[in-house]
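In what follows, chains are A, B, ... by sequence order, proteins preceding strands, each numbered from 1.
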Amino acid sequence: MANEQTENVTCRINGIEVTVPRGTRIIEAAEQAGIGIAHYCYHPGLSAPAMCRMCLVEIEGVPKLQPACVSTVAEGNNILTESERARESRKGTLEFYLINHPLDCPVCDKSGECRLQDFVHAEGPKHGRLRDAKVIFGQDDFGGNILYDGDRCIMCTRCVRFMREVAQDDLLGVVQRGHRSVIDTFFEQGLDDSPFHTNIVDICPVGALLDKDFLHKARVWDLDHAPSICPNCSQGCNIRIDTRDNLVQRLRPRANPDVNSYWMCDYGRHSYEWMNGTDRIEAPLVRDGERLVAQNWQPAMLALLDRLKQRAGSVRIVGSPMLSNEDNGLLARLGSLLGAAAPVYRSARAEDEVVLPGFPKLARRRELAANGRGLSALGFERVGDDRAQGGLTSADVLIVLGDELADLPADFGRDASLFVYLGHRLHPAARNAHFVLPVSTFAEQEGTFTNFEGRVQRFWPALQPPPLARPAWQVLGVLLAGLDDGPAPADAANAFLRVGSFFEPFAGLTYEMIGTRGALMNEPVAIGAGGGD
Amino acid sequence: MAYPYKHERETRVLTEAFGDPAARTIEGWKKYGGYEALRQALGMAPNDVIEVVKASGLRGRGGAGFPTGVKWSFMPRDDSRQPHYLLINADESEPGAFKDRELLRWTPHQVIEGALIGAHAIRAKHVYIYMRGEFFEPAQIVGRAIEEAYEAGFAGPDMMGSGIGIDITLHLGAGAYICGEETGLMNSLEGRRGQPRIKPPFPAVMGAFSRPTTINNVETVSAVPHIMRRGAEWYRSIGTEKSPGTKLFNVSGHVVRRGNYELPLGFPMKDLIYDVCGGIRDGRELKAVIPGGSSVPILAASECDINLDYESVAAAGSMLGTASVIVMDDRTDIVKAVRRMVEFYSHESCGQCTPCREGTEWTAKIMRRIEAGEGTADDLDTLLEVGRNMTGTTICVLSDSCAAPVASSIAKFRDEYMARIRREVPAGALTV
């Protein structure tokens, strides 16, 4: 008990009493008290050099203002972030920043997300007093995905520290000194070969580091944001999908200390164009002789149910690790109702893992799909090679979800008595289906993925699906209801509960429990072992 | 006039051997009592050495004037688990300062002996002499002296048969003012970018190579052998009660005899200028003095009737600093002089902290504009306010040092700034 008492300290910040563990930095203690302290160089995922001098606060009894990012709270501290001295200091520092920073907000890609813009707007000087020429550094192509605008750089060195401390790939440095300081790569050695370097764009507090992929694509205030999970490997990085005009414009990491900290890999970040594909299946298609005829959902589903009830012979189920636990769970349930053999899935695998050295829990995993582990937990078996090709055979009744069958011959499935295809695009093999049902991608629906370590994580819809596309769990839920297997789930949460009622690894989990940070499924977890890597 | 010039009023302790090239060798230095103090100190417990230095009242000569013995006592007493280091700051590069260079050139063994005594006192097994890269001549002299000290068994393992081993490394910097700031020096020594570190942790807790470290100025450790040999009381008998001992005053500017003069602390400034240095050259009038190197506030001639010790100079509104006295006569263009100082700080700012990185150059830009006759009265207010925003807001005090001469010169010589602004002084006029 005595120990507990000594490990906590109580202080006052702007009159608000806050108790925090000894050693907590003022900036973090203030955050707990609901007080934001302006800062540039401090980032919770990096070391704090206390060089931007924006977070200087007054501590009663201490003669000089102290940087809140490195000073720790002491018992009885009375900390003032809004005293006249602290405010004057911030205002003065902002004026220093504005000496050389061009006021090009109208064309800057960071405008709307720029912390210099925000802080100057909040409490900066109304007019700069510089009457002399600004320093001009110009732009520099750092290679890789990065364009550097030296004029906008405020020398917070977050990028340098990220490359040194987190990527541990010391490709950036400060060259020159004083007002001539500039960030640079070493000679012609750019950032090309560094697999995590685009994170420096996220952490740059101003528009100095620009992602060439996003350059001039959208104004940030025009973007809609949806919390999501990166689908491009089994790591399950928490991300934000930024969209405009129903198109994904960029993916950015969303902080989750249990999974990806503040980071994501460049491979995952830039693999999103497929979400914007326009060659989508737009309506349910039902085979009529050699033709596929578009129909409304109701007659298509009624006809499909009829055929399912009359099915005969072997049943093969194919799932997709790019779709949710809900989708694949209800598919597996349907398979078991129909007496199918173990369901299967295919997924691509990379040759190697690419680990982020400064946060080794994060890697671009070998499994290049989000939900392989989830499918394993649902009883699916992985087939095919590391390019997600081969391994599929036809059957009397064939139900395929999500797998585009792009590698398969044009006559695949033609011999099946019933071929149901639920997917996004109509490659030749899928054209042999008797029923083609348009389903939404993960980006167009709510659901969960299970990452390599068995962490079930939620994602939310970022895009509108084609008008007649439905989440697969909804389609499958209706089919299950038609087969007298309980009512169709009303929403994704309900579908997840249904999956939990069928499959032990998900039993007892709810969306509430998963929250925004995920929850481990009820299965012994051995990181890096089994089929989840 | 022989070089170096010696004045009869000097109290020559550290500078006794100045002018004697033989004193650069170990044999020559022994004639001045060299290495006796080291032998004596090695026979004493480290804490006893610290007590002697504490009793002497020796204060750091690098500028801050912190009591040396007290500084040494901050080092951990238990050295069994981790090495300690003593760093000798020989990176002197403040405009106006040239005392350490002379100590290194004339009395390298005095520096080495003092450093070894200091290292023993703080239980350090390694001394680094961090020297300014441009000091090529002192570097050769000190480098040779270190070799001699090793050859004679005064440094290295089992010094003088005492069983105590201390190594010395001479490390040349690449020439950056900020590397004379103690934490910037440590960074540079470690091979990092020369940028000051945030304190705490203080060097005595976590210094060079993340180990407890003490950093002493060249002149500080040079005084130590004399204190050990002649006793703390003798040292206290020189100077004032709070500022005991002698001090090297390195005088530059418009005096007849510029140079280094070793005088007791508390020596009158007017006597230094008019007697020791022979007065203002060409019979001109005194206009201003910067008493402690360019980083301290300027004193107008009317404020110069003071004694040169830490307390008296502080009472006059400036600082003794390194006692690098810059004397300016009545022809001095204050605006130009200050602009040059500001340019120096702008050039030497490490760029780490925003107020310094941006503020020093902004100040320089305004100063250049005023000097060119394109300033306005508002610029003076801007200079003062920018200076205020640069003071006390950064990791080290470089930006404070830039602001100090600007603010003090505007306060004391506003008319000269206004004359420039009103274009009463032609832009680019040849002024001294």
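Contact annotation for A/L130: both backbone and side-chain heavy atoms come within less than 4.5 Å of a heavy atom of chain B. With a threshold of 4.5 angstrom between heavy atoms, B/I395 approaches chain A through its backbone and through its side chain.
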Between chain B and chain A, which donor-acceptor atom pairs come closer than 3.5 Å, counting both backbone and side-chain atoms?
from   : atom 1 : to     : atom 2 : distance (Å)
A/M51  : O      : B/T354 : N      : 3.2
A/C52  : O      : B/T354 : OG1    : 3.3
A/R53  : NE     : B/T393 : O      : 2.7
A/Y97  : OH     : B/T354 : OG1    : 2.9
A/N100 : ND2    : B/E358 : OE1    : 3.0
A/R129 : NH1    : B/E385 : OE1    : 3.3
A/R131 : NH1    : B/D379 : OD2    : 3.2
A/D132 : OD1    : B/R369 : NE     : 2.5
A/D132 : OD2    : B/R369 : NH2    : 3.2
A/A133 : O      : B/K365 : NZ     : 2.6
A/I154 : O      : B/R357 : NH2    : 3.1
A/V174 : O      : B/R193 : NH1    : 2.9
A/Q176 : O      : B/R193 : NH1    : 3.4
A/Q176 : O      : B/R193 : NH2    : 2.4
A/R177 : NE     : B/H347 : O      : 3.0
A/R177 : NH2    : B/H347 : ND1    : 3.3
A/R177 : NH2    : B/E348 : OE1    : 3.0
A/R177 : NH2    : B/E348 : OE2    : 3.1
A/G178 : N      : B/S349 : O      : 2.9
A/G178 : N      : B/C350 : O      : 3.4
A/R180 : NH2    : B/H347 : O      : 3.1

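Not counting sequence neighbours, A/D140 has no partner by the salt bridge (Lys or Arg N to Asp or Glu O under 4.0 Å) test.
More than 12 non-hydrogen atoms from other residues, nucleotides or ligands lie less than 6.0 angstrom from CD of A/E28. Counting heavy atoms of neighbouring residues, nucleotides and ligands inside a 6.0 Å radius, atom CZ of B/F136 does not exceed 12 of them.
Note: B/C350 leads B/C350, B/P200, B/G351, B/G194 in heavy-atom pairs under 4.5 Å with chain A.
In plain terms, the two heavy atoms of B/I198 and A/P49 that are nearest each other are CD1-O, 3.1 Å.
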